[in-house]
Amino acid sequence: MFNYKPYIISLAEFMLKNGYTVKPLPKVILKKDKQDGLFIKTGYYDPINKEVVLFVTDRHPKDVLRSLAHEFIHHKQFEDKRITPDICDESEITKNNKIVKFEEEAYLKGNIAFRTWTELENNKN
């Protein structure tokens with residue numbers, strides 16, 4: 001299996017330094033569960049247990065790390081108390097329009113942070 005640890009640490013440090021997420025960082029769990037189909041879960045943030053769960057089987061490491069950046073944004077949203085667990089009782093945006101703005105922020109900021117981090121990492125070599 002790909003060694004995610006140094007990249008998770010590096011991405012987390014970058015996101016902390018640049019205000020994309022906050023301490024204490026959540027625990028990161030890599031799940032190897034086999035999923036089928038186009039619409040698999042890629043990851044999620046569990047605010048109760050302060051965990052980011054990432055599904056890694058049959059995914060490119062870059063895609064997994066991009067999901068991590070997205071979930072780190074959700075961690076900051078929860079830690080800033082802009083989102084509470086009760087707001088996210090229903091996590092599907094078609095059923096809960098309250099979470100749309102938080103998903104938009106996580107996609108935008110998470111992807112920008114991830115792309116910036118990857119460019120900086122590439123320029124180190």
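A salt bridge between E105 and R82 is present, with a side-chain N of the basic residue lying under 4.0 Å from a carboxylate O of the acidic one. R115 has a carboxylate O that lies under 4.0 Å from a charged side-chain N of E119, or vice versa, which qualifies the two as a salt bridge. Salt bridge annotation for E79-K76: absent, with no cationic side-chain nitrogen under 4.0 angstrom from a carboxylate oxygen.
Summarising the geometry of G110 relative to A69, their closest heavy-atom pair is O-CB, 3.5 Å, with the distance given to 0.1 Å. Here the closest non-hydrogen pair linking F14 and A113 is CE2-O, 3.3 Å. Residue L11 comes nearest to L65 through the heavy atom pair CD2-O, 3.5 Å, listed as atom of the first residue, atom of the second, then distance.
Each of D80, V22, V52 was evaluated against H75; a single residue qualifies, V22, per the side-chain contact (heavy atoms from CB on, under 4.5 Å) test.
The shortest side-chain heavy-atom distance between I73 and M15 falls under the 4.5 Å cut-off. At a threshold of 4.5 Å between non-hydrogen side-chain atoms, the residues T116 and T118 do not count as touching. Between W117 and N18, every side-chain heavy-atom pair lies at or beyond the 4.5 Å cut-off. Taking the side chain as every heavy atom from C-beta outward, N111 and R66 approach each other to under 4.5 Å. The shortest distance between side-chain heavy atoms of F72 and Y20 does not fall below 4.5 Å. At a threshold of 4.5 Å between non-hydrogen side-chain atoms, the residues P24 and K50 do not count as touching. Side-chain contact between Y7 and P61 is absent, with no heavy-atom pair separated by less than 4.5 Å. Side-chain contact check for D33 versus T57: every heavy-atom pair is 4.5 Å or farther apart.
Taken together through direct or relayed side-chain contacts under 4.5 Å among Ile, Leu, Val, Met, Phe, Trp and Tyr, Y107 and F78 form parts of separate hydrophobic clusters. The cluster map of Ile, Leu, Val, Met, Phe, Trp and Tyr, joined by side-chain heavy atoms under 4.5 Å apart, puts L68 and M1 in the same cluster. Under the 4.5 Å side-chain heavy-atom criterion for ILVMFWY residues, no single connected hydrophobic cluster contains both L120 and I9. I40 and Y45 are not part of a single hydrophobic cluster, where members link through side-chain heavy atoms under 4.5 Å apart. Cluster annotation: L54 is connected to F2 through the hydrophobic network of ILVMFWY side chains, with a link wherever side-chain heavy atoms come within less than 4.5 Å.
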Run the numbers on R59 and T42 for side chain to side chain contact (heavy atoms under 4.5 Å, CB included), then give the verdict. CA-CA 9 Å; R59 292 180 66 202; T42 56; 3.6 Å; yes

Would you please test K34 and D58 for side chain to side chain contact (heavy atoms under 4.5 Å, CB included) and show each step? CA-CA 8 Å; K34 178 75 173 154; D58 297 332; 2.4 Å; yes

Please assess E121 against K124 for the test salt bridge (Lys or Arg N to Asp or Glu O under 4.0 Å), listing each intermediate value before the final yes or no. CA-CA 5 Å; E121 288 295 305; K124 286 180 183 177; 2.9 Å; yes

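A donor-acceptor pair is defined here as one N or O able to donate and one able to accept, closer than 3.5 Å; such a pair exists between the side chain of Q35 and the backbone of K41.
Looking at residues two or more places apart in sequence or on another chain, you find a ring-ring contact (aromatic ring centres under 6.0 Å, His included) between H74 and H70.
With rounding to the nearest 0.5 angstrom, the NZ atom of K109 is 12.0 Å from the CD atom of E104. The distance from the CG atom of L25 to the CD atom of E51 is 13.5 Å, given to the nearest 0.5 Å.
Taking Ile, Leu, Val, Met, Phe, Trp and Tyr as members and joining any whose side-chain heavy atoms lie under 4.5 Å apart, directly or through other members, the hydrophobic cluster of Y44 also contains I29, V53, F55.
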